[in-house]
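Presented below is the structure to which this report refers.
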Amino acid sequence: MNILSVESSCDETAVAIVQDGRKVLTDCIASQVALHREYGGVVPEIASRKHIEAIYGLADQALAETQLTREDIDAIAVTYAPGLIGAVLVGVNFAKAAALALNKPLIPVHHIRGHIAANYLAYPELEPPFLCLVVSGGHTMIVEIQDYTKMRILGTTLDDAAGECFDKVARVLGMPYPGGAALDRVAKEGDETRYNLPRSKPGANPYDMSFSGLKTAALNLIHHAEQVGEEVDIPGLCASFSAAVSDTLVPRVVRAIEETGLRKIAVAGGVAANSRIRRDILAAAERLGAEVYMPPLSLCGDNGAMIGAQAYYEYLAGNVADMSLNAYATKSILGEKL
Ligand code: KG4
Ligand code: ZN
């Protein structure tokens with residue numbers, strides 16, 4: 001089954017064609033990151049406008065690259081939530097028009113389910129059940145994937161997402177948007193014991209976590225140094241910060257592996273590209289004898305192929321939409337039958 005899948009929830013416009021949820025025939029992407037960099041973050045109106053400009057060309061490019069015709073496409077999939085509402089709407093309206101014109105099923109996909117499904121592309125043998133650490137710009141959670149479309153959230157951040165904190169600290173340190181990857185690079189040169197930053201302690205739900213205290217501590221440290229004229233050891237701060245984020249995430253993942261007895265752990269989302277988190281997850285999994293699934297960096301960030309992968313399983317589960325499909329800025333990953 002060839003699914004043409006569309007992603008436009010933030011600052012990447014993407015159209016992919018994926019076969020049977022596992023094989024990427026093409027993954028076309030137009031990044032707007034350089035445009036938003038000037039403003040230090042995503043400007044929603046600019047994002048929507050750029051999605052409109054890019055989306056038709058990307059769909060044509062996807063067909064041209066695969067030498068498929070419109071008739072060879074069996075269904076249209078699209079990210080319908082969550083994201084910047086104007087941006088998500090562009091993808092949803094394009095997908096609805098394409099499904100209507102081609103008379104093909106329309107498959108709505110939750111963006112975070114897509115991130116998780118990036119693992120199916122990277123690891124054709126991976127099947128549920130497994131655990132997934134989801135760490136993106138807007139979401140941080142530990143999820144039990146019971147089946148392709150059936151999930152249980154073990155814990156989430158109670159405040160900021162890990163990616164938001166990486167970006168905020170990087171921005172204050174003068175790194176260009178989105179700063180997570182740049183901070184990660186600089187951290188490699190630093191001493192992670194240089195600054196003592198807080199790790200959130202387990203609360204009522206031991207899987208839940210918090211990052212706002214860590215973010216505030218790092219920002220206060222930078223501002224205080226500025227005020228008293230001290231120089232911040234930037235690599236040291238980046239390394240200490242990355243270690244604190246990882247020390248918040250990884251022990252909870254370890255607990256999840258131990259308590260559920262699931263011996264398969266996947267990572268998903270843009271922050272899953274972080275070298276410190278990847279290293280710590282690998283080490284923890286080796287200790288516990290668990291299998292690790294880490295998509296290549298190209299599949300960690302937003303892309304269309306991950307939406308096409310999840311869409312196949314949503315389709316098999318009967319989760320198709322009609323022309324009343326709407327876009328949503330927020331929606332639980334648990335979703336509901338449409
Ligand atoms: O999943 P994603 O592409 O978009 C959302 O769905 O939010 O994630 C983007 C986030 C940004 O916050 C970006 O700074 C972060 O992923 N990121 C990283 C790294 N690469 C990307 N954060 C830390 N270390 C990295 N290497
Ligand atoms: Zn994303």
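First listed ligand is number 1; within each ligand, the first listed atom is number 1. Since we're looking at a predicted model, the values are computed, not measured.
- Where the criterion is an N or O separation shorter than 3.5 Å, residue side chain and backbone included, Asp184 meets it with respect to ligand 1.
- Distance from atom 17 (N) of ligand 1 to its nearest protein heavy atom, with residue and atom name: Gly270 O, 3.6 Å.
- The closest approach between Arg276 and ligand 1 stays at or above 4.0 Å for every heavy atom of the residue.
- Using a 3.5 Å distance cut-off with no hydrogens or angles, the side chains of Glu192 and Ser240 do not pair a donor with an acceptor.
- Contacts of His139 with ligand 1, taken as heavy-atom pairs under 4.0 Å, are absent altogether.
- Distance check, rounded to the nearest 0.5 Å: CD of Gln67 to CG of Asp72 gives 11.0 Å.
- For atom 11 (C) of ligand 1, the nearest non-hydrogen atom of the protein is Asp167 OD2, 3.5 Å.
- Classification of Lys264 and Glu127 as a salt-bridged pair fails, no side-chain N sitting under 4.0 Å from a carboxylate O.
- Cation-pi geometry between Lys215 and Phe211 is not met: the NZ or CZ atom fails to fall both under 6.0 Å from the ring centre and inside 45° of the normal.
- Which parts of ligand 1 touch Asn274 is read off a 4.0 Å heavy-atom cut-off, strictly below it: atoms 23 (C), 24 (N), 25 (C), 26 (N).
- Counting heavy atoms closer than 4.0 Å to ligand 1, residue Val271 contributes atoms from both its backbone and its side chain.
- Relative ring orientation between Tyr293 and Phe130 is described as tilted, the plane-to-plane angle lying within the 30° to 60° band.
- For ligand 1, the atoms closer than 4.0 angstrom to any heavy atom of Gly163 are 12 (O).
- Every atom of ligand 1 is numbered from 1 in the order shown, and the set under 4.0 Å from a heavy atom of Gly301 is 3 (O).
- Close N/O approach between Gly179 and ligand 1 is not found [any backbone or side-chain N/O within under 3.5 Å].
- The N/O atoms of Glu164, backbone and side chain alike, include none that comes under 3.5 Å of an N/O atom in ligand 1.
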Check the pair Glu53, Lys50 against salt bridge (charged side-chain N to carboxylate O under 4.0 Å, His left out), reporting the backbone distance first and the verdict last. CA-CA 5 Å; Glu53 285 171 20; Lys50 290 292 156 189; 3.0 Å; yes

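- Metal site remark for the Zn ion (ligand 2): His139 contributes no N, O or S atom at a distance under 2.8 Å.
- Atoms of ligand 1 found under 4.0 Å from any heavy atom of Gly138 (numbered from 1 in listed order, with element): 7 (O).
- Near His111, with a cut-off below 4.0 Å to any heavy atom, the atoms of ligand 1 are 6 (O).
- Nearest protein neighbour of atom 5 (C) of ligand 1, counting heavy atoms only, is Gly137 N, 3.6 Å.
- Remark: Asp280 engages Arg276 in a salt bridge, criterion side-chain N to carboxylate O under 4.0 Å.
- Considering backbone and side-chain atoms together, Gly269 places no N or O closer than 3.5 Å to any N or O of ligand 1.
- Between the side chain of Glu7 and the main chain of Asn303, no donor-acceptor pair closer than 3.5 Å is present.
- In this structure a side-chain-to-backbone donor-acceptor pair under 3.5 Å is present from Asp184 to Ser275.
- Under the 4.5 Å side-chain heavy-atom criterion for Ile, Leu, Val, Met, Phe, Trp and Tyr, Val15 and Val33 are members of distinct hydrophobic clusters.
- Taking a cut-off of under 4.0 Å to the non-hydrogen atoms of Gly180, the atoms of ligand 1 that pass are 14 (O), 18 (C), 19 (C), 22 (N), 23 (C), 24 (N), 25 (C).
- Nearest non-hydrogen protein atom to atom 19 (C) of ligand 1 is Ala181 N, 3.6 Å.
- Not one N or O on the side chain of Tyr123 forms a donor-acceptor pair closer than 3.5 Å with the backbone of Ala118.
- As for Asp302, its N/O/S atom nearest the Zn ion (ligand 2) is the one called OD1.
- Note that CG of Asn220 and CD of Gln227 are 9.0 Å apart. Values are rounded to the nearest 0.5 Å.
- The minimum distance between the Zn ion (ligand 2) and any N, O or S atom of His115 involves atom NE2.
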